[in-house]
There are 4 protein chains.
Amino acid sequence: MSKREVPASVKDARLIKKRRNQMIKGAIALFKQKGFHRTTTREIAKASGFSIGTLYEYIRQKEDVLYLVCDRIYDEVRERMEKDIDTHQGTLESFKLAIAHYFKVVDELQDEVLVMYQEAKSLSKESLPYVLDKEMQMVGMFENILKQCVDNGVFHLNEQEIRLFAHNIFVLGQMWGFRRWALQKMYTLDEYIEMQTNLLLKGILEKRS
Amino acid sequence: MSKREVPASVKDARLIKKRRNQMIKGAIALFKQKGFHRTTTREIAKASGFSIGTLYEYIRQKEDVLYLVCDRIYDEVRERMEKDIDTHQGTLESFKLAIAHYFKVVDELQDEVLVMYQEAKSLSKESLPYVLDKEMQMVGMFENILKQCVDNGVFHLNEQEIRLFAHNIFVLGQMWGFRRWALQKMYTLDEYIEMQTNLLLKGILEKRS
Amino acid sequence: MSKREVPASVKDARLIKKRRNQMIKGAIALFKQKGFHRTTTREIAKASGFSIGTLYEYIRQKEDVLYLVCDRIYDEVRERMEKDIDTHQGTLESFKLAIAHYFKVVDELQDEVLVMYQEAKSLSKESLPYVLDKEMQMVGMFENILKQCVDNGVFHLNEQEIRLFAHNIFVLGQMWGFRRWALQKMYTLDEYIEMQTNLLLKGILEKRS
Amino acid sequence: MSKREVPASVKDARLIKKRRNQMIKGAIALFKQKGFHRTTTREIAKASGFSIGTLYEYIRQKEDVLYLVCDRIYDEVRERMEKDIDTHQGTLESFKLAIAHYFKVVDELQDEVLVMYQEAKSLSKESLPYVLDKEMQMVGMFENILKQCVDNGVFHLNEQEIRLFAHNIFVLGQMWGFRRWALQKMYTLDEYIEMQTNLLLKGILEKRS
DNA sequence: TATGAATGAGCTTTCATTCAT
DNA sequence: TATGAATGAAAGCTCATTCAT
């Protein structure tokens with residue numbers, strides 16, 4: 001799985017990359033403002049700095065733009081996560097740092113995350129699985145971190161609990177973005193991170209000893 | 001706030017209620033399948049059992065249908081919650097029951113909740129606040145339950161924590177619906193309820209004393 | 001010719017008269033504002049003080065309203081003309097008075113005249129002749145006045161000239177209404193009357209001896 | 001003032017000119033038959049020789065077509081007037097020629113003039129002033145001619161009279177078109193010109209000397 | 001490769017007219 | 001006679017997509 005090939009008429013791979021970068025950048029800006037459906041292909045072309053004809057040299061359908069955008073956003077998030085996080089330590093501290101870092105990445109990319117969050121459902125039956133797969137990889141990252149901690153005896157969680165917990169972390173992170181209208185009025189990002197970390201951890205830390 | 005009046009050309013209030021019920025029912029079925037944007041007004045009319053002309057006797061714009069749908073879904077959720085839940089007991093057991101009940105309601109209405117979840121953002125700047133307001137009322141319900149428990153000494157939480165916790169409960173409930181493609185493959189509803197309740201509770205229960 | 005029967009479902013002639021009066025009054029007010037095409041039958045019904053269903057008890061088609069309106073406006077103009085003008089004197093003074101009076105009537109009914117002027121063209125091929133016929137009767141009135149004057153030796157005009165002159169008077173009167181955006185900024189009604197009368201008269205008054 | 005820019009999506013100015021010419025020609029033909037309101041945009045597109053989509057590449061709204069049509073007709077009328085008329089001579093003969101020429105132009109373009117005459121009022125508040133301005137320029141042309149004659153002592157008229165007279169000429173010219181159902185049955189164009197010229201002139205020629 | 005004019009299916013919305021009550 | 005809910009044809013307009021240049 002991992003990547004759906006979006007066919008282009010143009011051959012030059014270098015050019016494809018360049019043009020698609022322009023396209024993704026322009027499209028995200030537009031999708032933020034008006035959503036996928038209310039954005040026209042002409043607008044995307046214009047925001048990308050080329051003509052509508054050129055746009056269609058690099059995609060087949062409008063929906064391809066959405067796929068490329070979603071794909072890119074996940075790459076971006078994962079890249080930032082991987083750059084700064086060591087998922088293999090398996091200590092309480094590394095777990096806390098991972099959460100904090102993830103929440104910060106969501107905060108930085110909150111517009112992008114929101115776009116993907118709201119528009120991914122408009123992907124075709126064909127494209128959606130690729131994006132969901134990427135999402136599961138992100139969740140999988142949290143699973144791995146948790147597993148390391150469990151292996152090290154920091155937490156006691158079974159397989160099922162690890163999975164659910166990873167989902168919770170993933171969603172509570174996104175929540176900072178998609179419920180910003182409520183949350184960001186009440187807390188700073190740091191407060192949010194601290195409170196959520198506490199709540200999450202208290203739930204699973206071994207309390208007897 | 002509480003309700004935006006959607007203007008109708010027809011005067012008979014009873015009829016408005018009846019027709020709008022048909023409309024909401026038809027629209028939800030369609031929005032489930034194809035989303036708001038891909039559903040046409042003609043389809044809505046047809047699914048509602050009347051003509052396109054009649055549809056427009058009961059709304060002014062397509063978007064009104066979406067508002068009506070969102071509004072109804074929240075009423076439905078709240079109604080079911082209120083019917084079976086006593087929010088004033090302030091006991092651990094009542095808290096657990098409230099969560100379990102909420103999760104069950106989300107499960108029963110999962111299509112509806114998903115629709116509202118995914119499409120609400122397409123509401124106009126004018127309508128959105130009304131829907132967000134309803135959402136905050138739901139969150140407020142959890143806040144109240146938590147407050148009662150805190151007052152009774154069941155939990156120790158400050159104002160900020162209560163609020164965040166209420167949001168978490170709300171979102172983790174919805175999560176059962178909007179991440180069903182992952183979660184419902186892994187757990188039954190009862191398992192989900194039990195595990196989440198555990199995780200949530202362990203985080204806040206007073207452990208020593 | 002003289003009148004086209006607009007069929008009504010209702011039998012009671014008295015009622016027909018009453019309802020049509022309401023209708024004409026309401027319609028004129030609306031046509032003034034927005035023209036015939038932009039006025040809906042619902043608006044006409046409402047402005048008339050009854051329901052759309054009732055409206056259609058007294059007409060067959062929307063266009064009938066326009067016909068009734070045009071018909072009424074001509075009656076109104078003619079009625080006012082006939083009330084105050086003696087067309088049989090054949091003196092210079094009576095001619096001047098007739099013109100002045102006509103111009104004053106146009107001024108008083110300028111909205112109505114404008115409506116008829118602008119909308120009559122929307123009448124069907126069937127109705128239009130009846131309205132044009134009424135218009136010709138008005139022109140005929142001026143012809144008669146002119147003829148009397150010619151018979152009395154006040155003017156020297158042949159048949160052709162009388163006819164054209166009557167048209168000129170008719171149109172220059174209406175002009176006060178339909179070019180009001182220009183004329184009424186430059187002249188008062190009295191100035192307009194005086195100047196036009198002078199110009200008209202100098203052209204035909206016997207100048208020698 | 002002088003011209004309202006009607007925005008086009010297409011950039012090639014040459015093409016815009018060409019397509020709009022087709023459009024204007026097609027639209028005039030249709031407006032003649034059925035008026036602006038009863039003509040559909042699809043009909044205009046078809047009569048112009050292109051698709052509805054293409055039509056909207058060259059205008060923004062249906063009303064723009066009407067504006068373009070009115071604008072063109074005035075240009076056409078003025079162009080023809082300017083080509084053959086010297087407005088600066090200030091002789092009786094040149095005045096007569098100007099009237100005759102104007103009446104002939106109205107006769108040649110009588111369908112166009114009629115269209116503009118009947119439909120201009122359907123222009124939006126935004127466009128109308130531009131058309132009225134053009135109309136005033138035409139009237140201004142007659143004013144100038146009259147002024148020259150007054151300066152040369154051919155007529156004795158004050159400012160106010162010149163203005164009114166110019167309006168009269170303008171309207172009596174149009175009258176040949178918009179009352180053709182009556183006038184053109186009674187007179188030939190030449191007769192009409194001669195009679196109107198006589199009536200107009202006798203009114204203002206200096207009679208004593 | 002890049003362009004942008006052309007296309008037309010399809011959208012939302014309106015409104016004259018009907019007819020059961 | 002009066003009502004107004006129901007209808008659906010038809011309107012204006014948009015926009016994803018194509019293709020000749």
Side-chain angles (χ1 to χ4, degrees), chain A residues 8-12 15-16 19 37-46 49-65, chain B residues 8-12 15-16 18-19 37-46 49-63 65, chain C residues 8-12 15-16 19 37-46 49-65, chain D residues 8-12 15-16 18-19 37-45 49-65:
Chain A
S9 306
V10 169
K11 303 297 168 202
D12 182 345
L15 201 49
I16 292 180
R19 293 279 180 256
H37 280 105
R38 297 200 208 279
T39 300
T40 69
T41 50
R42 279 173 144 90
E43 287 170 326
I44 295 170
K46 192 171 183 186
F50 39 72
S51 72
I52 182 68
T54 300
L55 181 70
Y56 274 85
E57 295 292 320
Y58 296 92
I59 55 164
R60 254 182 338 182
Q61 307 174 69
K62 185 186 175 191
E63 200 229 274
D64 289 342
V65 180
Chain B
S9 303
V10 167
K11 290 167 186 175
D12 182 343
L15 200 51
I16 293 179
K18 182 181 160 195
R19 293 280 179 258
H37 281 106
R38 295 200 207 280
T39 301
T40 69
T41 51
R42 282 187 143 76
E43 287 170 327
I44 295 170
K46 195 171 184 184
F50 38 71
S51 71
I52 182 67
T54 299
L55 179 70
Y56 276 88
E57 293 286 313
Y58 295 92
I59 54 163
R60 253 187 334 192
Q61 307 173 67
K62 185 187 177 190
E63 200 229 272
V65 180
Chain C
S9 305
V10 168
K11 304 295 170 202
D12 183 343
L15 201 50
I16 293 180
R19 293 280 179 255
H37 280 105
R38 296 200 208 277
T39 300
T40 69
T41 51
R42 279 174 144 90
E43 287 170 326
I44 295 170
K46 192 172 185 185
F50 40 73
S51 71
I52 182 67
T54 301
L55 180 70
Y56 274 85
E57 295 292 320
Y58 295 93
I59 56 163
R60 254 183 337 184
Q61 307 174 71
K62 185 186 176 190
E63 200 228 275
D64 290 342
V65 180
Chain D
S9 304
V10 168
K11 290 168 183 174
D12 182 342
L15 200 52
I16 292 179
K18 183 181 161 194
R19 294 280 178 257
H37 281 106
R38 296 202 208 277
T39 300
T40 70
T41 51
R42 283 184 146 81
E43 287 170 327
I44 295 170
F50 37 72
S51 71
I52 181 67
T54 300
L55 179 70
Y56 276 89
E57 292 285 313
Y58 295 92
I59 55 164
R60 253 186 334 192
Q61 306 173 66
K62 186 187 177 192
E63 200 228 273
D64 289 341
V65 180

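By convention in this document, chain letters (A, B, ...) are assigned in the order of the sequence lines, proteins followed by strands, and residues within each chain are numbered from 1.
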Q) Considering heavy-atom distances to DNA chain E, does D/Ser51 or A/Leu15 have its closest nucleotide positioned more toward the 5' end? A) A/Leu15
If you restrict it to nitrogen or oxygen atoms, what contacts under 3.5 Å exist between nucleotides 12-14 of chain F and the protein, and what is each distance?
from: F/dG12; atom 1: OP1; to: D/Lys62; atom 2: NZ; distance (Å): 2.8
from: F/dG12; atom 1: OP2; to: D/Thr41; atom 2: N; distance (Å): 2.9
from: F/dG12; atom 1: OP2; to: D/Thr41; atom 2: OG1; distance (Å): 3.2
from: F/dC13; atom 1: OP2; to: D/Tyr56; atom 2: OH; distance (Å): 2.6
from: F/dC13; atom 1: OP2; to: D/Lys62; atom 2: N; distance (Å): 2.8
from: F/dC13; atom 1: N4; to: D/Arg42; atom 2: NH1; distance (Å): 3.1

Q | Atom pair OG/NZ of C/Ser9 and C/Lys11 - distance to nearest 0.5 Å | A | 7.0 Å
Q. Nearest 0.5 Å, what's the CD-OG1 distance between C/Glu43 and C/Thr41?
A. 8.5 Å
Q) Of D/Leu55 and A/Lys11, whose closest DNA chain E nucleotide lies nearer the 5' terminus? A) A/Lys11
Q.
Using a 3.5 Å limit for the pairing distances, which stems of at least 3 consecutive Watson-Crick or G-U wobble pairs does DNA chain E take part in?
A. E:2-21 with F:2-21
**Q.** chain A contact limits on DNA chain E, taken 5' to 3' with a cut-off of 4.0 angstrom to heavy atoms
**A.** E/dT1 to E/dA6
(Q) So, using side chain to side chain donor-acceptor pair (under 3.5 Å) as the criterion, who are the partners of A/Glu63 when residues are at least two apart? (A) A/Ser124, A/Ser127
**Q.** Set of side chain to side chain contact (heavy atoms under 4.5 Å, CB included) partners for D/Phe50, sequence neighbours left out
**A.** D/Arg19, D/Gln22, D/Met23, D/Ser48, D/Thr54, D/Leu55
Q: Mind checking C/Arg19 for me? I need base, sugar-phosphate or nothing, with any heavy atom below 4.0 Å counting as a touch.
A: sugar-phosphate
Q: Applying side chain to side chain contact (heavy atoms under 4.5 Å, CB included), run through A/Leu15 and A/Tyr58 and close with a yes or a no.
A: CA-CA 9 Å; A/Leu15 201 49; A/Tyr58 296 92; 3.4 Å; yes
**Q.** A/Ile16 versus A/Ala8, closest heavy-atom pair with distance
**A.** CD1-CB, 3.8 Å
Q | C/Arg42: salt bridge (charged side-chain N to carboxylate O under 4.0 Å, His left out) partners, not counting sequence neighbours | A | B/Glu57
Q: Give A/Ser9 one of three labels, base, sugar-phosphate or nothing, depending on what nucleic acid heavy atoms sit under 4.0 Å from its own.
A: nothing
